[in-house]
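What you see is a predicted model, and the numbers here were worked out from it, not measured in a lab.
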Amino acid sequence: KAANHFRKFSSKAALTAQDTNAYASEIIGVDIKTLEKAAESTMKGDVSAYNAVMEKAAAKNDTSAEKMSAIVSKLFL
């Protein structure tokens, strides 16, 4: 539900950093900076931080880490 709201709202108006952090925390359980650092580590070959974030998000949303990775990539990265 929050992901749909985020997608709809972000296409109509510019989101502030505070808005983006609120949505990220609601959807994945971490702030956007943590997500960005995890994604950057992945690009450098260390996937452990990203995997940990996706596992946390999957547990929060009662789904798989793979599905959360697809959602997060579409919405935030």
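The side chain to side chain contact (heavy atoms under 4.5 Å, CB included) check on Ser73 picks up Tyr50, Ser69, Leu77, with sequence neighbours excluded. The side chain to side chain donor-acceptor pair (under 3.5 Å) check on Asp46 picks up Ser48, with sequence neighbours excluded.
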Give the table of side-chain donor-acceptor pairs shorter than 3.5 Å for residues 34-44, with sequence neighbours excluded, one pair per line with atom names and distance.
unit_1 : atom_1 : unit_2 : atom_2 : d
Thr34  : OG1    : Asp31  : OD1    : 3.1
Ser41  : OG     : Lys37  : O      : 3.1
Thr42  : OG1    : Ala38  : O      : 3.0

Side-chain donor-acceptor pairs under 3.5 Å in residues 57-67, sequence neighbours left out?
unit_1 : atom_1 : unit_2 : atom_2 : d
Asn61  : ND2    : Ile27  : O      : 2.6
Asn61  : ND2    : Ala57  : O      : 2.9
Ser64  : OG     : Lys67  : N      : 3.1

**Study point:** Residues Lys56, Ile28; criterion side-chain contact (heavy atoms from CB on, under 4.5 Å); working and verdict
**Key:** CA-CA 7 Å; Lys56 182 176 182 177; Ile28 58 176; over 6 Å; no
